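Below: the structure, in structure tokens.
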Amino acid sequence: MAAKQHLYLVDGSAYIFRAYHRLPPLTDPEGTPVGAVYGYTTMLWKLADDLDKADGPTHLAVILDKGSTSFRNDIYPEYKANRPPPPEDLVPQFPLIRDATRAFSLPCIEEAGLEADDLIASYAREAQRQGWDVTIVSSDKDLMQLVGTAGEGGGRVDMLDTMKSARIGPAEVEEKFGVVPELVGDVLALMGDSVDNVPGIYGIGPKTASKLIAEHGSLTAALDAAPDMKKSKLKERMLEGREMAELSRVLVQLKEDCDLPQPLDDFKLDGVPPEPLAAFLEKHGFSSLLRRLEAGSGSPSRKTDLDPAKQSAGNTAAEHAASRQPLPEMPAVDRSAYECVQTMERLEHWVDRARAARLVAVDTETSALDAMAADLTGISLALGPNDACYIPLRHGGSDMFAEKPDQVDFAQALAALKPLLESDAVLKIGQNIKYDINILARNGIAVAPIDDTMIISFALDAGRSLDGIGGGHGMDELSERHLGHTTLTFKEVCGIGKKQIPFGEVPLDKATEYAAEDADVTWRLHAHLKPRLASEGGTKIYERVDRPLIPVVAQMERHGIKVDRARLAKLSEEFAVETSRLEKEIHTVAGIQFTVGSPKQLGDILFDKLGYKGGRKGKSGQYSTDQAILERLSGEGAEIADKVLEWRQLTKLKSTYTDALQQAINPETGRVHTSYSLVGAQTGRLSSTDPNLQNIPIRTEIGRQIREAFVADAGNVLLAADYSQIELRLAAHMADVDPLREAFAAGEDIHSRTATEMFGEVTRDTRARAKTINFAILYGISRWGLAGRLKVEPDEAQAMIDTYFQRFPGIQRYIHETLESVRARGYSETLFGRKTWFPRISSKNQNERTGSERAAINAPIQGTSADIIKRAMVRMVPALQEAGLDDVRMLLQVHDELVFELPEGDVAAAKPVIERVMAEAAQPSVSLSVPLGIDIGTGVSWGAAH
DNA sequence: AAGGTCACG
DNA sequence: GACGTACGTGACCTTG
């Protein structure tokens, strides 16, 4: 029996608009804008690649709109009349869409007087009649009417949103519209569509429309029921709007019986002839796609085995970079060229060559991810493209008696490598080299000087993610994006889950391919990215801030911090007792046993069983039971809400802190070693993981007890130094807010001063409001957000915002100028020149756009604060050393706070040094017009130091 | 793996 | 009138 036929209908016109808005503005060698075409090309590539895969296409056609009017305009002249003309640099791309389609040897269908939607509907129905399955590649909500199975023996119709990689079936349609696909047209007719200018009924949006149709079963029934509805605005509008709704129903109806310009069988997909495609890719400078096609490994044909998602992911951005700066000529990665170094003679040969080259990429392989617990398994080096080796050191598994592969003696090898890795004359390049620094430091080697491709990437491209098209800084992603090369992954080499084996058990030939490739790719990335620093203005932040920070943070991680295990265990026990008591009480009040930790079950019990009022929320249709909701219920006298809140607090503290921190104690050092990410936050802040030591409780009394468990070693104390109100100070400086500057200069309480300016007097209430408003400003304000926080009406919140802007006009100017600049250049900048990119700042999608705007307002402030504390950290090490304070150890950074451990006798000498380094950290690069205030405390525990 | 929740600055 | 409404993170739990 022949396999089931599966027709893919690509809504080309809709796709290109979306691609245009979500991809960077590329131009081809002739200067023609081609960003949207590029996106379209990668999508076709991916689809063609799926040929013969489960659910992949056997037949495929692209459907396009022709002209801007259709038969619908005869019915309703206003139809689509309010559409703005397409952007200037999109217009020349329309004809290229046809070229691209032809280059893939795919049929391209369009008919005057018909919209693409109608042709799609007609083809879909015809295919369905023949028993074929159909996938419509689009996310247009009008087309959702077609989803489902029709008639007996009829094929299935679903949709595919390639940008989100999401399949849309009947369930998804029903979720979106609250009705079965057949009734979607009725819902659309009621709610209208502002984009297509379908009127609908004024005052009825998606929610109301979906509710009415679900209730009455059809548009006609809903309209007929209107006269019997109880008197309301809605009733009036339904009565008045009947005609408009009926007209809208006709407009949204898809024409399913168009004459088919070409028979279905013409759409048979049968591989893609490479020549026309190559010509097209070449003409428009899509060089990495061209290379891939020529390599034959990823061509859009039935024979490829590449992961298509990954493929298109890497390419878009690769092309982006390539279009600006041609790649240095490098041969393709050839893993067979790598050497496995198994004798001291060969090792010495590599060391000599590396010294001569003065630049070597280094990568370590280990037994685990935790740099403080892992054993060194081997080291790889690279001196140029394909010029790489792997030096296995501890391969052969855990069985002491099993035969081990030939490898050099561990101690001898390290002794040979140490002078190279420590030599001032040789630059060591790593991808996340902090990890290798820590591993090697634990083996007696102090790696320096260094470069780090991950950190370079971050300095250049922070925030520059392209919609699921990875914007990260991991090696596999960078390799795809900048080199067009897919690396072997750790999973492929070591397996996954239970079957995973330690790297030391990987056979040497495979291990060499993987490990040496990592060094090779790192070398290539360095060659590619390092020159961009100078040309794109990233040198200063990289060389003066982030790179010197690497060894400093590495040292902090190795220090770790002591925690009092017994104290944590005692807290765990207390929390356990309280939790189980509360759980019983909650069950009693609820009258049923249930999982308190399940928001789903809790929501059903609170709002259905116990009948408290409160709405459904979110896509999942689940009740929200978060803190704000529970506090509201508690205010209404719901005793169970209080108990749940307390239960949540205790289980959170127990599982995340008191239990987990005990687990995190390193058996060798007896301390807890976090890992900081220098690329974790788009703004330039650090982040902390495994465990996260940047979110240890402090705001509540009960949580604060956990800080008491972070202690100093015997004879030592902990010293906590934090910047006071640094972000507000920076805002005052950057936005030229004189009253705030004066207040800071005079050492006034800043929130009180704000309260005076805004409300004329300082009371507990006005100060609290002023504080909220101050923070709101830093985060990008909206009247609704502020209203929610202050529990006032949006109008009143707006009035406060107006007052704030009036009293502090610099703030409004700062917001305006920041946004203008980000819209014009694509990125924001800190006072020290750190860039953060905002690719969605001009998105058509309001949520994306306003979200980006708020983040863009905040980024220069949060990022400058991050720069300042980073500069302080870099200077702290030599400053303490100069003062002869060799026993003072910097342990933790928590965004605006540094934690040190030091002998009690050093406190008096260390305090002024730490204070001065932190307070002067902006100078001399930047002269702030406000002082930076530092608060310092000491104690036997972190809690006591505050 | 995703969503909900909550800990921090 | 409809959307969802403060910036930046990471960890843990339940559920599908």
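Per chain, numbering begins at 1; letters A, B, ... match sequence-line order. Treat the numbers as computed from the prediction; the structure is a model and nothing was measured.
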| request: Can you sort out the partners of Gln601(A) under side chain to side chain contact (heavy atoms under 4.5 Å, CB included), two or more places apart, ordered by chain and number? | output: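 Gln601(A) satisfies side chain to side chain contact (heavy atoms under 4.5 Å, CB included) with Phe594(A), Thr595(A), Ser598(A) only.
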Phosphate-side-chain proximity, [X] and [N], N/O vs OP1/OP2 below 4.0 Å:
X: Arg699(A); N: dA7(B); value: no
X: Gln601(A); N: dT15(C); value: yes
X: Ser624(A); N: dT5(B); value: yes

| request: Please list residues of residues 644-658 of chain A whose heavy atoms come under 4.0 Å from any atom in DNA chain C, ordered by number; otherwise none. | output: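 Contacting residues: Lys652(A), Ser655(A), Thr656(A).
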| task | Go through residues 688-696 of chain A and report each residue with a non-hydrogen atom lying under 4.0 Å from DNA chain C, sorted by number. | result |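 Ser688(A), Thr689(A), Asp690(A), Asn692(A), in order of number.
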| field | Residue whose nearest DNA chain C nucleotide is more 5′ - Thr595(A) or Ile204(A) | value |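 Looking at the nearest nucleotide for each, Ile204(A) comes out on the 5' side.
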| message | By nearest heavy atom, map Phe775(A) and Thr208(A) onto DNA chain C; which one lands nearer the 5' end? | response |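 Nearest-nucleotide comparison on DNA chain C picks Thr208(A).
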Taking [X] first and then [Y], would you say they form a salt bridge - that is, a charged N and a carboxylate O separated by under 4.0 Å?
X: Glu646(A); Y: Lys643(A); answer: no
X: Lys870(A); Y: Asp546(A); answer: yes
X: Lys434(A); Y: Glu557(A); answer: yes
X: Glu727(A); Y: Arg685(A); answer: yes

Remember a base hit wins even if backbone is also touched, and classify [X] as base, sugar-phosphate or nothing at under 4.0 Å, heavy atoms.
X: Gln846(A); value: base
X: Ala681(A); value: sugar-phosphate
X: Ser687(A); value: sugar-phosphate
X: Thr772(A); value: base
X: Ile861(A); value: nothing

| query | Is it true that the NZ or CZ of Lys835(A) lies under 6.0 Å from the centre of Tyr827(A)'s six-membered ring and within 45 degrees of the ring axis? | reply |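 Because its charged atom sits under 6.0 Å from the ring centre and within 45° of the axis, Lys835(A) does stack over Tyr827(A).
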Nearest-Å distance once atom [atom1] is located in both [N] and [M]:
N: dT5(C); M: dA7(B); atom1: C1'; result: 22 Å
N: dC8(B); M: dC3(C); atom1: C1'; result: 30 Å
N: dG4(C); M: dG4(B); atom1: P; result: 13 Å

| said: Per the side chain to side chain donor-acceptor pair (under 3.5 Å) rule, what does the pair list look like for residues 768-781 of chain A, sequence neighbours excluded? | reply: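 Counting only pairs at least two positions apart or across chains, the side chain to side chain donor-acceptor pair (under 3.5 Å) contacts touching residues 768-781 of chain A are His751(A)-Asn774(A), Thr754(A)-Asn774(A), Asp765(A)-Arg769(A), Asn774(A)-Tyr804(A).
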| Which string of ( ) [ ] | and . matches DNA chain C, if you list each base 5' to 3' and count Watson-Crick or G-U pairs only when both distances are under 3.5 Å? | ......|||||||||.
| field | Contacts of Glu578(A) that satisfy salt bridge (charged side-chain N to carboxylate O under 4.0 Å, His left out) - sequence neighbours left out | value |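 Salt bridge (charged side-chain N to carboxylate O under 4.0 Å, His left out) list for Glu578(A), sorted by chain: Arg581(A).
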